[in-house]
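Everything numeric in this text was worked out from a predicted model, so none of it was measured. Note that ligands are numbered from 1 as they come in the structure, with each ligand's atoms numbered from 1 the same way.
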Amino acid sequence: MKFNENYRKLKESYLFSAVAHKVSAYTAAHPDKKVLKMGIGDVTLPLPPAVVSAMQAAVAEMGTKETFRGYGPEQGYDFLRESIRGYYTRRGISLAADEIFISDGAKSDLGNILDIFSVDNTVLIPDPVYPVYVDTNVMAGRRILFADATEENGFLPMPDDGVKADIIYICSPNNPTGAAYSVAQLQEWVNYARKQGAVILYDAAYERFVSGQGLARSIFETEGAEECAIEFCSFSKTAGFTGTRCGYTVVPHALRRGDVSCNKLWLRRQTTKFNGVPYIVQRGAAAVFTAEGERQVEENLSVYRRNARRLTDCMDVLGIRYTGGKNSPYVWLKCPGFADSRKFFDYLLEEANVVGTPGSGFGKNGQGWFRLTAFSSEEATEEAVFRIKKLFSK
Ligand code: MLT
């Protein structure tokens with residue numbers, strides 16, 4: 001027996017597990033300190049009432065012989081796929097219900113999708129970015145190229161015709177920088193991908209935070225994306241499903257190479273390796289798209305937006321450079337007085353008892369940068385702002 005040798009090339013632990021470990025060690029050693037957690041992008045507001053009612057009704061159905069359900073369709077129930085289709089239609093994007101696959105979250109699908117692509121492909125990944133893209137490709141042993149996202153390009157790298165890639169990752173609004181592509185910029189990526197015969201894996205987990213004029217919420221707002229892109233979405237950050245688990249992936253029928261349909265391969269993969277998201281969870285997810293659900297999700301998002309504003313106002317007062325916070329729940333700041341993100345992490349934890357995520361954990365270009373999330377409670381965010389101001393106004 002041999003293990004997958006590629007695992008040796010990974011960092012010892014996944015970024016957010018490493019941060020959680022450090023924080024637990026700190027709190028165990030300092031039980032008297034009130035640590036404010038603004039590291040991992042985990043939501044704090046409960047599921048919207050419309051979601052809870054829909055789940056309760058589904059639980060009752062599952063407890064009655066006449067309405068009980070066993071295995072569901074691996075790719076998701078029609079009622080949820082239709083609700084998601086309607087959500088796209090309202091934004092002017094036309095999809096077929098069977099182009100939408102329900103999953104237990106964007107993270108799983110972003111990793112699992114690689115099953116249908118050869119390990120011989122070269123992948124192009126922005127740096128910095130959500131570490132799952134790099135780690136899952138390292139595990140498989142694919143060749144990785146990086147697209148540098150820096151302060152100079154507004155953390156929005158654009159395609160370079162001199163670079164040849166087969167699989168291109170785009171995350172917009174970006175995790176961790178909060179930078180969001182405009183439709184026109186995404187169109188350039190789509191044109192590039194089509195020229196190269198590449199596929200774009202588009203992570204739209206934070207699309208509901210986008211409000212800026214001309215900014216994209218879906219890759220399918222561009223022309224020709226249906227021939228070259230797969231979109232990953234999540235209920236986690238919008239409807240509080242981080243613990244409940246539900247997401248969806250759009251794999252267009254037009255995405256083909258010769259007689260091979262990407263949608264068919266993904267369906268084959270999912271029906272073989274996945275047994276679907278629980279009925280109760282899917283009923284809850286469908287409630288997000290009802291009028292009541294939409295209103296309640298917007299109320300929750302407005303709390304997180306206010307928190308982001310509190311954080312960016314704080315950076316403005318202190319004169320700390322940052323991006324994000326406007327179209328994103330993440331504020332990405334230049335570590336004041338520190339060149340090393342991890343040292344800044346330790347300093348902020350020890351001196352202000354505030355946890356963030358070191359930018360270097362998202363890639364080499366994140367060195368010297370730091371991410372704070374707006375997903376904490378309003379009280380915790382206000383307290384964090386107070387402590388940060390006190391620490392850096394000295
Ligand atoms: C993050 O903090 O970047 C996210 O919460 C991680 C995730 O969604 O898996």
For this session: Answer yes or no: does an N/O atom from Tyr206 fall short of 3.5 Å to an N/O atom of ligand 1?
Result: no
For this session: Considering the heavy atoms of Asn175, write down every atom of ligand 1 situated less than 4.0 Å from one of them.
Result: 1 (C), 3 (O)
Exercise. Hey, does Arg371 come in under 3.5 Å of ligand 1, counting only N/O atoms on both sides?
Worked result: yes
Exercise. Is it the case that Asn191 and Gln187 place a side-chain donor and acceptor less than 3.5 Å from each other?
Worked result: yes
Exercise. For Asn307 and Arg310, does a side-chain donor sit closer than 3.5 Å to a side-chain acceptor?
Worked result: yes
Problem set entry | Asp42-ligand 1 polar pair, N/O distance under 3.5 Å | no
Problem set entry | Trp332 and its side chain to side chain contact (heavy atoms under 4.5 Å, CB included) partner, picked from Thr177, Leu372, Thr357, Asn175 | Thr177
For this session: May I ask you to decide whether Lys37 forms a salt bridge with Asp42, counting only side-chain N to carboxylate O separations under 4.0 Å?
Result: no
Exercise. Just distances here: any N/O of Phe16 and N/O of ligand 1 closer than 3.5 Å?
Worked result: no
Exercise. Between the side chains of Tyr181 and Asn174, is a donor N or O closer than 3.5 angstrom to an acceptor N or O?
Worked result: no
Exercise. With a cut-off of 4.0 Å, which atoms of ligand 1 are near a heavy atom of Gly41?
Worked result: 1 (C), 2 (O), 5 (O)
Exercise. Between Ser218 and Glu231, is any side-chain donor less than 3.5 angstrom from a side-chain acceptor?
Worked result: yes
For this session: Classify the contact between Phe362 and ligand 1 as side chain, backbone, both or neither, using a heavy-atom distance cut-off of under 4.0 Å.
Result: neither
Exercise. Just distances here: any N/O of Tyr14 and N/O of ligand 1 closer than 3.5 Å?
Worked result: no
Seminar exercise, completed: Closest to atom 8 (O) of ligand 1 among protein heavy atoms sits Lys237 NZ, 3.0 Å
Exercise. Do Asn353 and Tyr26 get their side chains close enough for a donor-acceptor pair, meaning under 3.5 Å?
Worked result: yes
For this session: Provide the number and element of each atom of ligand 1 under 4.0 Å from a heavy atom of Tyr330.
Result: 1 (C), 2 (O), 3 (O), 4 (C)
Exercise. Thinking salt bridges, do Lys11 and Asp135 make one under a 4.0 Å N-O criterion?
Worked result: no
Exercise. Looking only at protein heavy atoms, which one is nearest to atom 9 (O) of ligand 1, and how far off is it?
Worked result: Tyr130 OH, 2.5 Å
For this session: Check each heavy atom of Ile40 against ligand 1 and say whether those closer than 4.0 Å belong to the side chain, the backbone, both or neither.
Result: both
